[in-house]
Amino acid sequence: MQDEYRTVAGTGVHETEVNRSRFLCALAPAATEQEAQDFIATVRKEHADASHNCWAYVIGADASVQKASDDGEPGGTAGVPMLQMLLRRDMRYVVAVVTRYFGGVKLGAGGLIRAYGGAVGEALDTLGTRTRRRFRLATVTVDHQRAGKLENDLRTTGREVREVRYGEAVTIGIALPDADVDAFRSWLADATAGTAGFELGGEAYGDA
């Protein structure tokens, strides 16, 4: 698994103009290929009267799924430069659709490549990105007497508390960077006088 990746901060649209042609770049996070395709379909429907709705998406923290479409533009002048821009910026779990309204001036292959790739780059700069980092999930089990203070200590020391469950004991789900696991075990033992249980789980990504 990748230690970290970047994705878009949210869904948004950014417009640029090149030689009277309008380029609207719509960006959205997409957890799956189906989500990416659904977003593309929504944008195409919204801009059914546009000259082209070209798209690209990257799914997977390791960029295992990469697809792009020129949607009628000359081969390799739209979808591929869009995809290359996403990859150059280390973007993952993201879909981009660039809608072009033709303005009457032909741009040529080089101009199209710059326009489509540039539309994605400008949209990323304007709409913003965020970094997601790989964490180890872990469960801390502690008695009710110590739970409130421990939860507070976890939050004040910047640990990511994912859930708290109350039963015979209190279980607190947390996420830790791999490198912090050993130090955290020591900290937990000190904070609870050795009474807390600690169990490592799987891996997940969270905001860095």
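Residue indices begin at 1 and follow the sequence shown.
Panel note: side chain T42, backbone D38; a donor-acceptor pair is recorded below 3.5 Å.
The existence of a salt bridge linking E151 and K149 is excluded, since no basic side-chain nitrogen approaches an acidic carboxylate oxygen closer than 4.0 Å. With salt bridges taken as basic N to acidic carboxylate O contacts below 4.0 Å, one links R44 and D71.
Side-chain contact between P29 and V94: absent, with no pair of heavy atoms (C-beta onward) separated by less than 4.5 Å.
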Next on the checklist: Quick one, Q37 with Y57, criterion side chain to side chain donor-acceptor pair (under 3.5 Å). Give me CA distance, side-chain angles, the key distance, then yes/no.
Outcome noted: CA-CA 9 Å; Q37 290 169 353; Y57 57 79; 3.2 Å; yes

Next on the checklist: Using the rule given for ring pair (Phe, Tyr, Trp, His ring centres under 6.0 Å), can you reason through F198 versus F184, listing the C-alpha separation, both sets of side-chain angles and the distance that settles it, and then say yes or no?
Outcome noted: CA-CA 10 Å; F198 179 72; F184 179 78; 5.4 Å; yes

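Once rounded to the nearest 0.5 Å, the distance linking NZ of K67 with CD1 of I40 reads 10.0 Å. The CD1 atom of I172 sits 12.5 Å away from atom CZ of R159, with the distance rounded to the nearest 0.5 Å.
Summarising the local packing, CZ of R114 is surrounded by 12 or fewer heavy atoms from other residues, nucleotides or ligands at distances under 6.0 Å. By the neighbour-count criterion of 12 heavy atoms within 6.0 Å, atom CZ of R165 is sparsely surrounded, having that number or fewer from other residues, nucleotides or ligands.
Residues L86 and V8 fall within the same hydrophobic cluster, defined by Ile, Leu, Val, Met, Phe, Trp and Tyr side chains chained together at heavy-atom separations under 4.5 Å. Residues Y101 and V18 do not share a hydrophobic cluster, clusters being chains of Ile/Leu/Val/Met/Phe/Trp/Tyr side chains in contact below 4.5 Å. Residues M82 and M91 share a hydrophobic cluster, clusters being chains of Ile/Leu/Val/Met/Phe/Trp/Tyr side chains in contact below 4.5 Å.
Aromatic ring centres of Y93 and Y5: separated by under 6.0 Å.
With V120 as the fixed residue, the side chain to side chain contact (heavy atoms under 4.5 Å, CB included) test singles out one of V97, D125, V98, L83: V98. With Y116 as the partner, the side chain to side chain donor-acceptor pair (under 3.5 Å) test is satisfied by one option alone out of R100, E73, Q84: E73.
Of the N and O atoms on the side chains of H144 and Y166, not one donor lies less than 3.5 Å from an acceptor on the other residue.
Nearest heavy-atom pair across V80 and D70 is N-OD1, 4.1 Å.
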